[in-house]
Amino acid sequence: MVSIDHVAHKILAYIPYVLVLIDMRYDGVKCGRDGSVDNHMEMGKKLLAAGQLADALSHFHAAVDGDPNNYMAYYRRATVFLAMGKSKSALPDLSRVVELKPDFTSAQLQRGNLLLKHGRLDEAESDFKKVLNSNPSDKEEREARTQLTKSDEIQRLVALARSSFSSKDYVTAAAQLDTVIETCIWDVTSREMRAESFIQMGEMGKAISDLKVASKLKSDNTQAFYKLSTIYYNLGDHEMSLNEVRECLKLDPDHKQCYSHYKQVKKLNKQIQSAEELIQEQRYEDAVSKYEAVIKTEPNVPHFTLLAKERICHALTQGQQASRAVSVCSEVLASNPANVDVLKDRAEAYIQDEQYEEAIKDYEAAAKHSENDRQIKEGLERAQRLLKQSQKKDYYKILGVKRTAQKKEIIKAYRKLAQQWHPDNFQDPEEKKKAEKKFIDIAQAKEVLTDPEMRTKFDHGEDPMDPESQQGHHHQHFHGGFHGFQGFNPFGSGPFNFKFNFN
């Protein structure tokens with residue numbers, strides 16, 4: 001597709017040739033003219049040739065004001081407008097040229113070409129026919145005939161596209177309009193029809209592209225801005241939706257559709273921003289409530305429901321509410337299995353819930369979609385260490401406390417279990433042997449979980465009591481059964497000391 005900028009650059013490249021033609025046409029028409037108009041014309045011509053378009057335009061404005069019947073001033077000003085990409089401004093000037101000098105075939109041909117680009121096909125054909133009926137040069141005649149043929153073909157395609165569109169054959173209509181718009185690049189009607197075809201086909205990105213162009217080609221195109229806003233809204237992009245509906249209201253503050261839509265988008269946007277601020281402040285339960293309000297505000301747009309649940313999943317995970325987090329995260333992943341952020345959040349929730357194999361699966365799935373994510377790599381390694389650790393000893397389970405347990409809870413649990421499993425409580429040799437092993441595990445668990453450094457290592461999947469895990473780090477280990485503590489008294493270590501008396 002030919003862009004508007006590309007057309008402007010092509011016009012600019014031909015300016016030197018146009019100026020030569022203008023000079024040939026312009027010879028002998030200076031008589032009786034104010035000298036200041038001539039000066040403006042000369043300066044404008046030089047600045048135009050140098051590509052200084054804004055300055056050239058100022059001089060041609062002055063020339064037109066100085067002599068409203070100077071057709072060359074209008075023609076040159078039109079040339080500047082075209083070079084600046086302002087075809088709508090060029091058209092009235094070219095029409096004035098044709099009015100003042102009907103035999104100026106170059107202006108007539110140029111106006112026809114512009115009208116064709118704007119999709120004003122009947123008017124374009126009229127201009128091409130007038131060129132052919134005048135005394136054109138060979139080059140002008142060839143161009144006029146070619147453009148007349150093209151205009152006839154476009155007329156036929158437009159009629160076919162409208163028929164296809166009316167029959168709801170949007171794929172065919174869009175294909176036919178593709179060909180129309182290749183020539184009629186500034187035709188608002190064709191672009192809007194193609195945009196609507198794309199909407200019906202579900203091709204929202206292409207519809208957005210056409211509507212954005214249409215909003216620029218037509219200065220008061222409130223409907224294009226409204227459609228853009230609703231498309232973005234239905235895609236879940238509340239910020240872009242708000243931007244576009246505001247553009248509509250700038251053009252018409254009383255636009256009913258835009259104002260009604262604006263209130264809805266603004267309310268939703270405010271709720272989402274507020275929820276994100278709560279997450280930043282680590283007020284996770286409040287953030288969950290705010291995102292639940294988002295779902296109530298807009299229950300009919302799946303993208304917003306998914307967005308809200310995705311962020312609820314994240315907030316619950318950060319708030320250490322593992323089971324709730326897994327449930328909500330799973331709802332999102334049922335609709336979007338490749339959502340990396342949700343896979344990472346659910347993996348973390350699984351770790352909190354000690355479901356390490358499930359966490360590993362989620363991190364591996366996330367890695368397929370985001371290979372270089374450091375967070376995924378570190379999370380996967382941690383989950384694998386924790387799984388390996390869980391298959392050996394879990395000091396939290398041994399003492400029957402949660403991973404979030406405070407030191408006092410750990411000591412209290414240790415005392416209770418140590419009293420219960422003290423080997424002196426058992427007389428049967430087999431039971432005593434079992435009790436000794438259990439007692440050692442309890443003592444080890446207490447030592448690891450009441451030492452901040454050792455507990456941190458354990459929480460990251462490393463067993464401080466495992467020589468293989470330590471790789472040369474020196475910690476006190478328990479060997480040889482209950483009588484092999486090498487001076488360690490499980491009841492005398494730490495900040496407490498108590499005795500048992502057994503009968």
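Below, all heavy atoms of this structure are taken into account, side chains as well, without hydrogens, waters or symmetry copies.
- Around atom CD of Glu371, no more than 12 heavy atoms belonging to other residues, nucleotides or ligands sit under 6.0 Å away.
- Shown here are the salt bridge (Lys or Arg N to Asp or Glu O under 4.0 Å) partners of Lys86, two or more places apart in sequence or in another chain: there are none.
- Between the side chains of His61 and Arg77, a donor-acceptor pair is found at a separation under 3.5 Å.
- Heavy-atom neighbours of Glu276 CD from other residues, nucleotides or ligands within 6.0 Å: above the threshold of 12.
- Other residues, nucleotides and ligands place more than 12 heavy atoms under 6.0 Å from the NZ atom of Lys212.
- Minimum heavy-atom separation, Glu298 to Thr305: O-OG1, 4.1 Å.
- When the shell of 6.0 Å around CG of Asp220 is examined, it contains more than 12 heavy atoms from other residues, nucleotides or ligands.
- In this structure Leu132 satisfies the side-chain contact (heavy atoms from CB on, under 4.5 Å) test together with Glu141, Ala144, Arg145, Leu148, sequence neighbours excluded.
- Under 3.5 Å, the side chains of Gln384 and Tyr356 contain no donor-acceptor pair of N or O atoms.
- Listed by chain and residue number, nothing satisfies the ring pair (Phe, Tyr, Trp, His ring centres under 6.0 Å) test with Tyr284 (two or more places apart in sequence, or in another chain).
- The residue from Arg111, Arg120, Gln147 that alone fulfils the side-chain hydrogen bond (donor to acceptor under 3.5 Å, both in side chains) condition with Asp127 is Arg111.
- Residues satisfying the side-chain contact (heavy atoms from CB on, under 4.5 Å) test with Ala63, not counting sequence neighbours, are Val37, His40, Met41, Ala73.
- In summary, the side chains of Gln271 and Thr297 do present a donor paired with an acceptor at a separation below 3.5 Å, with no hydrogens or angles considered.
- Counted by atom type alone, Asn339 and Glu310 present one or more donor-acceptor pairs between their side chains at under 3.5 Å.
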Quiz prompt | Stepwise side chain to side chain donor-acceptor pair (under 3.5 Å) check, Ser229 with Ser241 | solution = CA-CA 4 Å; Ser229 182; Ser241 180; 3.0 Å; yes
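- Between the side chains of Glu244 and Tyr226, no donor-acceptor pair of N or O atoms lies under 3.5 Å.
- In terms of the side-chain contact (heavy atoms from CB on, under 4.5 Å) criterion, Thr149 has no residue partners (sequence neighbours excluded).
- Under the ring pair (Phe, Tyr, Trp, His ring centres under 6.0 Å) criterion, His255 pairs with no residue at all, not counting sequence neighbours.
- Within 6.0 Å of NE2 on His460 lie no more than 12 heavy atoms contributed by other residues, nucleotides or ligands.
- Environment of NZ in Lys344: crowded, with over 12 heavy atoms of neighbouring residues, nucleotides or ligands closer than 6.0 Å.
- Defined by atom type and a distance below 3.5 Å, a donor-acceptor pair is present between the side-chain atoms of Asp353 and Gln355.
- Judged by distance alone, the side chains of Asn69 and Arg96 do bring a donor and an acceptor atom under 3.5 Å apart.
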